[in-house]
Structures are given as structure tokens and as C-alpha cells.
Novice: 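Provided herewith is a single structure, encoded as C-alpha cells, for subsequent inquiry.
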Amino acid sequence: MYADTVEILNRSETPPFEIADENNVALELRLKHRYLDLRRPVMQKRLTFRHKICQTVREYLDRLNFVDVETPVLTKSTPEGARDYLVPSRINLGKFYALPQSPQLFKQILMVAGYDRYFQIVRCFRDEDLRAQRQPEFTQMDMEMSFVDENDIIQVIEGLMATIFEKVVGKKVTIPFPRITYKEAMASYGCDAPDLRFDMKIKDVSDIVRASNFKVFLDTINTGGQVRGINAVGCGNYSRKDIDDLTAFVGQFGAKGLAWFKVEESGLTSSITKFFPADVLEKLQQHMHAKKGDLLLFVADKTRVVNQSLAQLRLHLGHKNKIIDTTIFNFSWVVDFPLFDYNEDLKRYEALHHPFTSPHPDDLPILEGKPLEVKARAYDLVLNGVELGGGSIRIHTPETQKRVFRLLGIDDESAYLKFGFLLDALKYGAPPHGGIALGVDRMVTLLLQLDDIREVIAFPKTQKATCLMTNAPSEVDPQQLKELGIRLA
RNA sequence: GGGGCCGUAGCUCAAUUGGUUAGAGUACCAGACUGUCGAUCUGGAUGUUGCGGGUUCGAGUCCCGUCGGCCUCGCCA
């Protein structure tokens with residue numbers, strides 16, 4: 001470029017960091033001067049990519065006759081679920097709005113109202129502690145359809161993902177996505193969002209080690225626990241320290257120890273082999289498909305601890321040993337969730353998904369009798385071991401909805417207080433309906449192969465839920481508090 | 001609420017076992033040179049070591065507290 005004249009439109013101070021793709025600057029500083037950080041070409045690419053994903057979602061759903069309907073941000077606090085963000089009402093002193101955790105009830109109401117294909121790319125709020133994958137406000141691609149079953153929703157979403165991959169990512173993705181049951185996911189991967197990019201399945205050896213003399217295992221089994229483990233293929237050369245590190249790792253998740261066996265030519269070796277008869281050792285090796293040079297790792301504890309420890313250990317080893325192909329996008333559906341689980345602390349049942357999820361019709365007769373065996377008509381979309389979103393076919397009769405509320409410890413009176421509008425709406429011929437919500441921030445993060453959703457959010461919050469640029473949240477004028485009838489403690 | 005890592009020049013980092021005047025690269029400023037494009041050369045300026053206390057003859061380093069950032073458990077229907 002050759003310039004004849006130069007006019008300075010505005011002067012710039014020396015920026016606090018270099019505005020370049022590779023700048024390796026502390027996140028703290030980037031967030032404080034986000035207007036400079038967002039100038040970096042890489043950030044512009046990320047936000048543009050996000051925009052294109054959202055545009056593709058809109059085009060795709062519009063073509064299928066979905067209608068984008070806005071739902072309120074100032075709404076009603078609901079029990080269950082995450083902690084609400086509250087907004088005091090000046091006009092109704094002493095009362096509060098809540099920011100929506102999701103537009104769940106509004107979209108169901110829209111189904112009753114005859115808008116049988118709804119979608120919205122919508123902000124949701126949850127006042128819980130933050131993580132690299134979790135912000136207090138986040139965006140969902142939310143949709144709902146009437147007169148549908150699970151397969152209809154799944155097909156629409158598979159078509160959507162295929163379109164996004166074709167138009168935005170520039171890669172092919174094979175549909176339909178494989179489906180795995182909740183039961184199988186928990187058994188083989190220890191979690192409900194399994195990373196299927198690598199094998200290393202968890203196996204139950206409780207029945208085999210019952211014939212051992214190892215007290216830790218026996219006591220665990222006799223008190224209702226279990227012994228499960230994984231085969232860390234090729235890790236037979238791990239040192240004592242390596243294994244100690246793994247033990248400490250699973251300790252974070254409540255495991256009190258990590259039993260190990262190295263697989264050698266002669267069979268299994270370990271400091272604890274003396275407690276195991278030869279045939280038990282042999283059965284263990286066979287059951288775990290262990291070959292020379294492998295390392296077997298077992299956790300004995302109650303189911304929850306075993307699941308979490310081994311699920312995390314599996315991922316840890318997968319990354320550590322680089323056996324995960326990080327260039328691929330592995331989608332799957334997790335289906336056949338239980339409707340409830342039991343909260344030991346509160347001594348009551350809780351909805352695994354949410355209280356509006358329909359039980360499987362076959363299980364209606366055992367709803368009250370064996371609630372933990374009732375299957376939910378729910379499905380989660382999982383990408384590379386991350387839950388991208390979830391949905392369900394909803395309850396559409398007031399009778400069933402009340403039965404579920406009662407099981408959750410919500411009596412008819414408080415149900416009407418909290419969800420009266422839904423129960424009323426369901427009385428007027430509500431159609432069968434269902435839907436799903438996908439996390440947009442997570443989706444964009446994964447598609448860009450990043451690991452922090454703050455990299456795809458223009459103005460994210462810190463771990464303490466503050467904005468370093470605006471300094472929100474902040475103190476307010478005493479007059480504002482007075483108008484709201486609020487006095488600080 | 002619990003556990004862990006981190007905080008040193010504008011930025012990214014170093015500083016031996018607690019030891020003299022806290023350094024480097026880069027950025028910045030000035031000059032030289034130059035058909036520039038990560039220029040180059042010469043020179044220069046730059047620190048309340050986040051903050052407060054303590055231990056010590058002596059603290060960037062050790063201890064306590066506090067503020068902030070990050071990771072994580074709990075939490076997140």
C-alpha cells in the first residue's frame with residue numbers, strides 16, 4: 001500500500017499486552033482489557049465461528065418450520081435444581097423475580113398454546129460455583145416439539161449437527177449417532193457422559209474376588225459395595241511412585257485405595273497376591289483381558305465412589321498415555337435414564353433430569369412402588385465425553401405430573417403454589433411433547449477443540465463470578481436499596 | 001464450605017540453602033541506520049517483589065492473615 005496522505009483518526013496508548021494471536025498473557029489481564037483481547041485475530045475468528053453456528057441453527061430450524069419465541073428473563077423462582085439468581089421487585093416490595101435456569105416451563109406452555117415447533121437461542125442463569133466449563137450465565141439452543149417421541153427429537157438434532165459440521169466445521173459426521181443406555185454407560189465408563197474415543201472399559205470383578213482372602217475387598221462386598229477396575233494397557237512398567245500418584249488421584253473422588261496387579265509372563269504380581277488363590281488371579285487376568293505388560297487397577301467401595309474414581313482414572317490414563325484421538329468428534333446418545341435417584345442427605349427422591357420428564361409408559365404401574373426402577377423418556381447428547389445437552393419427552397397430563405410431584409415430596413398444595421400454571425395448562429388438552437436444550441458455549445468450545453468456554457464468550461466472568469472489565473457485581477446507591485426495601489446485613 | 005497452584009519491570013519469566021546493589025527477553029523512550037513488512041545497531045528509563053503483620057543480624061524466598069487469578073471436590077433438576 002502506498003499512502004499519499006495519512007490522517008490520524010485516533011491515538012492509542014501503548015497497550016498493556018501485545019495484540020497478537022500468540023501472546024500468552026494472563027487471563028486476568030485479558031479479561032480486564034477484553035476490548036483489546038477481542039481485537040486479536042484468533043478471538044475474532046472464534047466469535048465469528050460462534051455466530052456462524054448460531055446462524056446455521058436458525059436457518060436449519062426455520063427451514064423445519066420452527067418458530068423463535070422469546071420467553072421472559074424476569075420470571076418465577078422454582079424449587080429443585082440450581083440456585084436461582086434473584087431480582088428484587090420495586091413495585092412489589094419483598095417479592096423477587098428469578099432469572100431463568102432454562103425456559104423449560106415456558107416452552108411447554110407454548111406447546112399447549114399450539115406453537116408446536118419452538119426454538120430459541122437463549123441465555124440461562126444458575127447461581128452455582130464456576131468451572132472452566134461452567135459460567136453463571138450461559139447460552140442454550142433450546143427447542144420443543146409437539147406430537148413427537150424420542151426418535152423425532154433425536155433425528156432433528158442429528159440433522160442439525162450434521163448440517164453444522166457440513167456448513168461450519170467443514171467435516172463429515174456420521175448419523176445416526178450410536179446410542180448407549182445409562183446402565184451400560186455407568187457400568188462400563190462410570191459416568192453418564194462417556195468418552196467413547198477410547199476403550200479401556202470398567203469391569204466388575206466383585207464375583208471373582210469374593211473367593212479371595214483380601215479383607216478390603218471382602219468387607220466392601222459384604223457391606224453392599226463392589227470391586228471394579230480397569231486394565232491400563234501397557235502400563236505394567238509403572239513405578240511405585242506412578243501408582244502412588246494414581247492412588248492419590250482417585251483419592252480426590254473418595255476412593256480409599258487403589259489395588260493393583262502387574263501382568264507378567266508368569267501371571268499377576270502385586271504386594272497383595274498372597275491374599276488371592278492362583279485360580280482367582282487367573283480369572284482376574286482373563287476377565288480383564290490382560291496381557292503381559294498391562295497394569296490392572298481396582299477400586300473397592302460403594303457404587304458411587306467406584307464409578308466416579310474409575311471414570312476419572314480412565315480419562316486421566318487416556319490423556320496421560322495419549323490413547324485418545326483428539327482429532328475426532330465422537331457423538332453418542334445416552335438413553336434410558338432412570339427417572340429418579342435417591343438423595344441420601346435429604347432422604348427423598350430427586351428427579352435425575354427434571355420433574356417434568358415423562359416416565360416410560362410401561363413403568364407407570366410401578367411409579368409409586370419401585371420409583372428407582374422407573375425409566376425416564378430422557379436422552380443426553382454427548383460429544384467426546386462432554387454432555388452437550390439433554391432433553392426428554394415431557395409429562396402432558398396433570399394426573400401424571402401430580403404423581404411425580406408427590407414422589408418428589410411436593411404435595412398437591414405446594415405443587416399448585418409453585419407450578420399451578422403448568423398443572424392448569426395441562427388440563428386443556430395439552431399435546432404430547434418433548435424437546436432438548438444444547439449448550440452453545442460448550443458446543444462451540446468443543447468444535448474449536450478448546451477446553452475453556454471463556455474462549456468463546458465475549459465477556460465472561462471470573463471464577464468468583466465477577467466481570468473484571470466492568471467490575472460487576474458492585475455496590476449500589478443506598479437510595480436504590482431503599483426503593484427495593486432491602487437492608488444489608 | 002474444603003483441597004491445591006499462582007501473584008517479581010507495561011508484558012512473559014529468572015533470582016542457588018534465607019545473604020551484598022532483584023536480572024533477562026520483549027515492550028517503551030532517544031539517537032543512528034534503513035524500500036518498510038517480528039528490521040538492525042547504540043544508548044536510556046522502568047520495581048512499595050499484590051497488600052498487612054510476624055520470625056530473623058538479614059525475607060522475593062520461611063510463617064500467619066488478607067486480596068486477586070486459575071484448577072478441583074462439594075454444588076451444578
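Chain letters run A, B, ... following the sequence lines, proteins first, then strands; residues in each count from 1. Just so it is clear, the structure is predicted and the values come from calculations on it, not from any experiment.
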Novice: Paired with A45(B) by Watson-Crick or G-U wobble geometry, both distances under 3.5 Å: which nucleotide is it?
Specialist: none
Novice: Find the distance L29(A):CG to A27(B):C1' and express it as a whole number of Å.
Specialist: 13 Å
Novice: Can you work out whether F17(A) or T14(A) has the more 5'-proximal nearest nucleotide on RNA chain B?
Specialist: F17(A)
Novice: Does Y428(A), at its OH atom, have more than 12 non-hydrogen atoms belonging to other residues, nucleotides or ligands within less than 6.0 Å?
Specialist: no
Novice: Got a list of protein N/O to nucleotides 44-46 of chain B N/O distances below 3.5 Å?
Specialist:
none

Novice: Angle class for the F17(A)/H33(A) ring planes (parallel below 30°, perpendicular above 60°, tilted otherwise)?
Specialist: perpendicular
Novice: Identify the residue among K45(A), R30(A), R40(A), R442(A) that makes a salt bridge (charged side-chain N to carboxylate O under 4.0 Å, His left out) with E455(A).
Specialist: R30(A)
Novice: Determine the interatomic distance between P on G54(B) and the same-named atom on U16(B); round to the nearest Å.
Specialist: 25 Å
Novice: With under 30° as parallel and over 60° as perpendicular, where do the rings of F356(A) and F405(A) fit, or are they tilted in between?
Specialist: perpendicular
Novice: When you compare A14(B) with G1(B), how far apart are their P atoms, in angstrom units rounded to a whole number?
Specialist: 32 Å
Novice: Is R314(A) positioned over the aromatic face of F198(A), cation under 6.0 angstrom from the ring centre and no more than 45 degrees off axis?
Specialist: yes
Novice: Between A39(B) and A45(B), how far apart are the P atoms? Round to whole Å, please.
Specialist: 24 Å
Novice: Does the structure show a Watson-Crick or G-U wobble partner for G19(B), both distances under 3.5 Å? Name it, or say none.
Specialist: C57(B)
Novice: For D424(A), look at atom CG and say whether over 12 heavy atoms of other residues, nucleotides or ligands are found less than 6.0 Å away.
Specialist: yes
Novice: In whole angstrom, give me the gap between the C1' atoms of U46(B) and C28(B).
Specialist: 9 Å
Novice: For L408(A), which contact category applies under a 4.0 Å heavy-atom criterion: base, sugar-phosphate, or nothing?
Specialist: nothing
Novice: Does the E128(A) side chain pair with the main chain of R83(A), one donor and one acceptor, at a distance under 3.5 Å?
Specialist: yes
Novice: Between R50(A) and M443(A), is any pair of side-chain heavy atoms under 4.5 Å apart?
Specialist: no
Novice: State, with a plain yes or no, whether a side-chain heavy atom of R377(A) is found less than 4.5 Å away from one of P361(A).
Specialist: yes
Novice: Using the C1' atom in both, what is the distance from A15(B) to C33(B), to the nearest Å?
Specialist: 36 Å
Novice: Rounding to an integer number of Å, can you tell me how far H33(A) NE2 sits from G10(B) P?
Specialist: 12 Å
Novice: Go along nucleotides 66-76 of chain B 5' to 3' and tag each nucleotide: B for a protein heavy atom under 4.0 Å from its base, S when only backbone or sugar atoms are that close, - otherwise.
Specialist: --SSBBBBBBB
Novice: Would you measure the distance from the P atom in G69(B) across to the matching atom in G25(B) and give it in whole Å?
Specialist: 32 Å
Novice: Can you label the angle between the W333(A) ring and the Y379(A) ring as parallel, tilted or perpendicular, going by 30° and 60°?
Specialist: perpendicular
Novice: With both distances kept under 3.5 Å, what pairs with U26(B), Watson-Crick or G-U wobble?
Specialist: G10(B)
Novice: Given the P atoms of C64(B) and C11(B), what is the spacing between them in whole Å?
Specialist: 28 Å
Novice: Sticking with atom P, work out how far G7(B) lies from G60(B), rounded to a whole angstrom.
Specialist: 15 Å
Novice: When both hydrogen-bonding distances must be under 3.5 Å and the geometry is Watson-Crick or G-U wobble, what is C75(B) paired with, if anything?
Specialist: none
